[in-house]
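Quick caveat, the model's predicted, so the values are computed rather than measured.
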Amino acid sequence: FLDVGQTATSLRMQEGPTGQYTVGYTVRPGEAARAQVVVRLRQGGVETSRAIGVVVIDGVPPAFTSAQPEPNSTVTSAQPTIIAGFADRGPSGIKTDSVRLWLDGREERRASVGASSVSYVPPAPLSTGPHRVQVLVADLAGNEASTTWTFAVSPPAPVLVAPTPVAPSPVIRATATPVAPSPARATPTPVPPVASPTLRSSPTPGVAPPVILSPKPGDAIAWPLPIRGTGIPGTRVQVTIDYESQAGNGPRGTIGPLTANVAQDASWDVKVERPDPRLGEGRLVITAVTIAGTLRSEPARVTIVIVIPQRDPEK
């Protein structure tokens, strides 16, 4: 038997070849602990146990704590400082090299990443109007979280200042003495200096992945399963679902790819039928990518553990 702290106890291990014992355990959404792992062997009525180490269990994704500029706000600066704050809610810790930021669908790889935030200042003025920010962060256990918000740029209105009255200058009259005309000479026209071009580095091309809003880890699953999210308006989202039954001989396979158009309000959705009536408890891995012309984003993924509630035998 295998005990993982108080999280999972008495997991029956299966004997394999050459006396090896194995057991599988799926971390459920919301589980988080640093647990002592103990192996117990029971033979002939005698039980022995041995601690083999400590394992970190983390089924809780990071959370976002702040956004700047504030969502749905209007700023007057055309080069605002964009900041997203985040924190890990589980014991594994933030994976800082996983933090990524997109502005208007383009990944900005010059963003500055810290232990609890990511910041970015556009090198060139943003256009007047709305702008969309998307941030992705993951912890060391592989749990991902993403957030999306918009803000608008509106430069301040010019301040009109009334001109200061100027007193009229006195009129000066002079008598000119005729002078013999001089021979005409060509005066060269001065040529203004040509400014040297300013070199600016362009951001690395990229397209932001979609955000999967529903279902979330821990949600109850019902068939047909609706999958919803947000993306870049005018693009398409391609969705695939890998399913695997918890039973060793149960069904497993892939659904899709399914394609949805992203509406002008940035929403998209697809509906998935149950792939096999024998699919009970197990897990689903939902993968979504953005397709914009010939560009294809990196995938966004959500893992769903399917749990069938146990009925009370007395009812």
Working to the nearest 0.5 angstrom, can you tell me the gap between [X] [atom1] and [Y] [atom2]?
X	Y	atom1	atom2	answer
D276	Y243	CG	OH	6.0 Å
L103	I82	CG	CD1	4.5 Å
I286	K216	CD1	NZ	11.5 Å
T148	L213	OG1	CG	8.0 Å
S92	I57	OG	CD1	12.0 Å
Q238	I291	CD	CD1	4.0 Å

For [X] and [Y], which heavy atoms make the closest approach, and how far apart are they?
X	Y	answer
I94	A87	CD1-C, 4.2 Å
T74	S154	CG2-CB, 3.6 Å
D88	G93	OD2-N, 2.7 Å
I83	S119	CG1-CB, 3.8 Å
V135	W149	CG2-CZ3, 4.2 Å

Q. Run the side chain to side chain contact (heavy atoms under 4.5 Å, CB included) check on D139 and K95 step by step: do they pass?
A. CA-CA 5 Å; D139 61 21; K95 185 179 181 183; 5.8 Å; no

Side-chain donor or acceptor of [X] paired with backbone N/O of [Y] under 3.5 Å:
X	Y	result
Q246	I306	no
R236	T259	no
Q79	P122	yes

Q | Validation row: P210, S297 side chains within 4.5 angstrom (heavy atoms) | A |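 P210 vs S297: side chains touch.
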
Q: Would you sort out whether W268 and V239 count as a side chain to side chain contact (heavy atoms under 4.5 Å, CB included), showing the intermediate values?
A: CA-CA 11 Å; W268 59 267; V239 180; 3.8 Å; yes

Q | More than 12 heavy atoms of other groups within 6.0 Å of R132 CZ | A |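 Yes - once you tally the heavy atoms of other residues, nucleotides and ligands closer than 6.0 Å, there are more than 12.
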
(Q) Around atom CD of E70, are there more than 12 heavy atoms from other residues, nucleotides or ligands closer than 6.0 Å? (A)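 Not buried by this count: 12 neighbours or fewer within 6.0 Å.
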
Q) Which one of P71, P80, P130 satisfies the side-chain contact (heavy atoms from CB on, under 4.5 Å) criterion with F151? A)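 Running side-chain contact (heavy atoms from CB on, under 4.5 Å) over P71, P80, P130 with F151 returns exactly one hit, P80.
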
Q: Apply side chain to side chain contact (heavy atoms under 4.5 Å, CB included) to the pair N143 and D58, showing each step before the final yes or no.
A: CA-CA 8 Å; N143 301 299; D58 190 349; 3.6 Å; yes

Q: List the steps, then state whether side chain to side chain contact (heavy atoms under 4.5 Å, CB included) holds for L258 with I227.
A: CA-CA 11 Å; L258 308 174; I227 302 175; over 6 Å; no

(Q) Under a 4.0 Å threshold between the charged nitrogen and the carboxylate oxygen, would R301 count as salt-bridged to E144? (A)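 No, E144 and R301 are not salt-bridged.
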
